[in-house]
Each structure stands twice: as structure tokens, then as C-alpha cells.
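In each ligand, atom 1 is the first atom listed, and ligand 1 is the first ligand listed. For the numbers below, each heavy atom of this structure counts, side chains included, while hydrogens, waters and symmetry mates do not. Residue numbers run from 1 in the order of the sequence given. The structure displayed is predicted, hence computed values, not measured ones.
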Amino acid sequence: MHNQLIAIIGAGVMGCATALDVARAGYRVILQDHSESVIAQAPDVIRREYRSACFLKQGYGEVPLDIIMDRISFQMHDEGVEEASIIIENVTENIESKKEVYARLSQKVRPDALYALNTSCISVTKLASFLPDPRRAIGVHLMNPVPVKSMVEVINGHHTTPETEQEMVAFLESLGKNTVVIEDLPGFVSNRLSHLLMNEAAFIVQDGIATAGQIDAIMKKGFNYQMGPLETADLIGLDTVVHSLKVLYDSYQDPKFRCCPLLQKMVDAGHWGRKTGQGFYAY
Ligand SMILES: NC(=O)c1ccc[n+]([C@@H]2O[C@H](COP(=O)([O-])OP(=O)(O)OC[C@H]3O[C@@H](n4cnc5c(N)ncnc54)[C@H](O)[C@@H]3O)[C@@H](O)[C@H]2O)c1
């Protein structure tokens, strides 16, 4: 067991799965969220993630669930965050929410702590500009589902130092992750490409050309994708996909990133994908 304490802020889809992976690797974890219902549900979400990871990834069950759960403190307050050597920020894909969280944490977090900023599309340089020391912040784009996906896209912001990069890569390797370190522009590599595909797939459904199932089948069987673009959108959360498309559109001012109206309509209707039980598919 490591002695290090890791604070994970935001206990949604990514926060819970990340807490599971980090605690499984032997770290003590604070999992914080401002929503009472999210914190109340988080232990069950983690238990489900663990069972699914044991099914999908050989050896994942070698660390028993009760040991992992004992390492995680579920909380709505920030107590203990001052002890953390790494802060992993996983809050909603909205610049104002993230900015508010950084302002709050800056009062408490120790000056030598590292910030791992988990964002789908927002520029890491922009996010780091809201922190007291942007040299110690770096983009850590974990992939969903975190326990199953070993790839992490690591993004150097403009001020990120080589020491920060080295420390963060070493931490991620201690979780069993593989990293690819790239430079910063909104959407990075993965989401600049994947969001175009998911958005265009939604346009195809809207145009009445094919169903979600047909599109996903073509991409899986014809192009060897493990998951189709609309299954992926449901897994990510359509709310997050729409937020990300807005960030891409605003950042590049390029119409290719305009959000498909059907996606926006589904979000307005509360059909956010797996997390609400209904998206392009029913769960
Ligand atoms: N979902 C994915 O597949 C995926 C993949 C990679 C990266 N990301 C990125 O990770 C981040 C989190 O995504 P998610 O899918 O977990 O979102 P989510 O909506 O499931 O969870 C976000 C959580 O942040 C919490 N939150 C919001 N404001 C807060 C505050 N001020 N203090 C504490 N908690 C607060 C919310 O209550 C919510 O529980 C986003 O930036 C997203 O773009 C998501």
C-alpha cells in the first residue's frame, strides 16, 4: 500500500471509476462531490464498476473489493485535501464549474501538489490558467471505462514542466496505465476525432438513413471498432458529448463541430445514455 493520498474531485462516471483504479493500486483516496445524491450512490457505482472490470479484465479481481472500498473516503466536504499529493479533477465538462472548483481547492491544496485535469475537450492551458501554479498542472485524459482501458492521453499545457510530466507519467504507470504525451489544443487527439464521428452518426439517425444499431453494426463489423460511435456516446453520456462539441465549436470556430440538433434534443429530454437508462439504446 502506498502512503500517498490522492484527492479525486467529482464522483460522476469518471470520478468513481478513477477512484476504483487508484484505490486498487494501493493509494488512499478522497472522493469528493458537491452533490449529496452522487456521494450516496458512489459506493454502489464503484461496486458495479469493479464487478464489470473483473468480468472484462483478467486479474482485476486479485485485489478484493472490501480492501479497495476501505481505502476510499466518500465526502462532500474538502477535509483532508490539504494532505493530498495529487488532485485529480473530474467535474462536469463546463469551464465555469471547473474554475469554481480550482478557486475553492487553491485555498487548501498544498503548493507542491500536482493537478491532473481530466477534460474531454477544454484546453489544458486554459484550465491551468485558473490555478495558482500552472507549471504543476497537466491534462490527464482517462478513457472510459477507466478500469478496462489502459491508454491515457496526457496533455502538456503551455506551462507544464518536464518534472510535472515525469511525476504524472510515473503515477499513471503505477496504476498500470500506458501513456501517450501530446501537446495542447482543444479536444486533443482522441476527442477531436471521436466527437466528429459520434456527431455525424447522430446526424445519420436524424436524417432517417439508418438506426443507431445499424450504424454501430457497420462500424464494428466493417471497421473492427470494439464499440460503435453511438454506443460510445451513450457510454460517455450524451450531456458530456454535447458539452464537448460546444467547446470544440467555440474553440475552433469551425462548423464541422456544430452539435447535431438530435443530440441536443435527447439531452433536453433527459435521455443522456447509460447514466439515465435511455440514450440511443435503452439500459
Ligand atoms: N464520461 C466520459 O466518458 C469521459 C471520458 C474522459 C473524460 N471525461 C471528462 O471527465 C470530466 C468528468 O466527466 P464525467 O463523465 O465523470 O461527468 P459526470 O457528469 O458524470 O460527473 C461530474 C461530477 O462533477 C460533480 N461536480 C460538478 N461541480 C462540482 C463542484 N463544484 N464540486 C464538486 N463536484 C462537482 C457533479 O456533481 C458530477 O457528479 C469531464 O470534464 C469530462 O469531459 C469524461
Side-chain angles (χ1 to χ4, degrees), residues 7-21 30-46 48-49 74-79 81 87-109 115-124 126-128 130 137 139-155 172 177 186-195 198 227 229-248 251 267 270 272-277 279:
I8 298 176
I9 312 299
V13 173
M14 297 305 285
C16 283
T18 304
L20 167 62
D21 248 12
I30 285 177
L31 180 59
Q32 193 275 347
D33 200 287
H34 68 169
S35 156
E36 198 174 344
S37 62
V38 167
I39 282 298
Q41 287 163 21
D44 279 344
V45 173
I46 293 179
R48 270 203 307 276
E49 283 278 349
F74 297 88
Q75 56 188 63
M76 287 178 65
H77 54 73
D78 288 334
E79 222 166 280
V81 164
I87 310 296
I88 306 178
E89 175 273 303
N90 282 289
V91 306
T92 318
E93 183 76 349
N94 173 300
I95 209 157
E96 289 310 317
S97 306
K98 289 184 186 280
K99 195 172 165 182
E100 184 195 311
V101 166
Y102 301 159
R104 197 187 79 216
L105 291 174
S106 299
Q107 313 294 317
K108 282 219 147 202
V109 169
Y115 278 88
L117 312 177
N118 187 12
T119 165
S120 296
C121 286
I122 305 172
S123 151
V124 170
K126 178 90 181 161
L127 290 178
F130 303 128
V140 171
H141 184 218
L142 294 148
M143 309 277 166
N144 185 5
V146 179
V148 179
K149 295 275 174 75
S150 61
M151 171 53 58
V152 183
E153 196 176 19
V154 175
I155 306 110
L172 292 167
K177 303 294 185 194
F188 326 119
V189 172
S190 54
N191 285 337
R192 243 171 110 172
L193 293 172
S194 65
H195 279 59
M198 289 185 281
M227 286 179 80
L230 296 172
E231 285 171 323
T232 306
D234 271 4
L235 176 72
I236 293 172
L238 301 189
D239 55 328
T240 302
V241 173
V242 166
H243 279 310
S244 298
L245 283 164
K246 284 188 177 141
V247 172
L248 288 167
S251 304
V267 169
W272 294 6
R274 281 189 194 220
K275 62 171 108 168
T276 59

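- Looking at Leu127 and Tyr115, their side chains never come closer than 4.5 Å, going by heavy atoms from C-beta outward.
- Listed by number with element, the atoms of ligand 1 under 4.0 Å from a non-hydrogen atom of His141 are 6 (C), 7 (C).
- Contacts of Val38 with ligand 1, taken as heavy-atom pairs under 4.0 Å, involve the side chain alone.
- Between Ser120 and Thr240 there is a side-chain heavy-atom pair separated by less than 4.5 Å.
- An N or O contact shorter than 3.5 Å links Asn144 to ligand 1 by distance.
- Annotation: side chain of Met143 is not in contact with side chain of Val152 (no heavy-atom distance under 4.5 Å).
- Neither the backbone nor the side chain of His243 has a heavy atom within less than 4.0 Å of ligand 1.
- Heavy-atom separations between Lys98 and ligand 1 include at least one value shorter than 4.0 Å.
- Within 6.0 Å of the NZ atom in Lys177, the count of heavy atoms belonging to other residues, nucleotides or ligands exceeds 12.
- For ligand 1, the polar-atom distance check finds no N/O of Leu235 at less than 3.5 Å from any of the ligand's N/O atoms.
- The contact set between ligand 1 and Val101, taken as ligand atoms under 4.0 Å from a residue heavy atom, comprises 30 (C), 31 (N), 32 (N).
- Atom 8 (N) of ligand 1 has as its closest protein heavy atom Ser120 OG, 3.3 Å.
- Short contacts between ligand 1 and Glu100, defined as distances under 4.0 Å to a heavy atom of the residue, involve ligand atoms 31 (N).
- Residue nearest to atom 11 (C) of ligand 1, selected from Val91, Ile39, Thr119: Val91 (by heavy-atom distance).
- Using a 4.0 Å cut-off between heavy atoms, Leu142 contacts ligand 1 through its backbone alone, with no side-chain atom that close.
- Protein heavy atom closest to atom 44 (C) of ligand 1, with residue, atom name and distance, is Met14 CG, 3.4 Å.
- Looking at Asn118 next to ligand 1, an N or O pair under 3.5 Å apart turns up.
- The closest approach between Met143 and ligand 1 stays at or above 4.0 Å for every heavy atom of the residue.
- In terms of protein heavy atoms, atom 34 (N) of ligand 1 is closest to His34 N, 3.4 Å.
- Contacts with ligand 1 closer than 4.0 Å are made by heavy atoms of both the backbone and the side chain of Thr92.
- The neighbour count for Lys99 NZ, taken as heavy atoms of other residues, nucleotides or ligands under 6.0 Å away, does not exceed 12.
- Protein heavy atom in closest approach to atom 37 (O) of ligand 1: Asp33 OD1, 2.7 Å.
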Do Asp234 and Lys275 pass the salt bridge (Lys or Arg N to Asp or Glu O under 4.0 Å) test, and can you show the C-alpha distance, the side-chain angles, and the key distance before you say yes or no? CA-CA 8 Å; Asp234 271 4; Lys275 62 171 108 168; over 6 Å; no
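- Of the possible polar contacts, none joining the Asn90 side chain to the Gly12 backbone as a donor-acceptor pair under 3.5 Å is found.
- For atom 41 (O) of ligand 1, the closest non-hydrogen atom of the protein is Glu93 OE1, 2.6 Å.
- Of all protein heavy atoms, the one lying nearest to atom 15 (O) of ligand 1 is Val13 CB, 3.6 Å.
- In Ile236, the parts holding a heavy atom less than 4.0 Å from any atom of ligand 1 are both the side chain and the backbone.
- Here the heavy atom of the protein found nearest to atom 21 (O) of ligand 1 is Gly12 CA, 3.3 Å.
- For a threshold of 3.5 Å applied to N or O pairs, the pair formed by Ser35 and ligand 1 contains no separation below that value.
- Those atoms of ligand 1 with a heavy atom of Gln32 less than 4.0 angstrom away are 33 (C).
- Closest protein heavy atom to atom 19 (O) of ligand 1: Lys275 NZ, 3.6 Å.
- Every atom of ligand 1 is numbered from 1 in the order shown, and the set under 4.0 Å from a heavy atom of Asn90 is 11 (C), 12 (C), 22 (C).
- Contacts between Arg104 and ligand 1, counted as non-hydrogen atom pairs separated by less than 4.0 Å, involve the side chain only.
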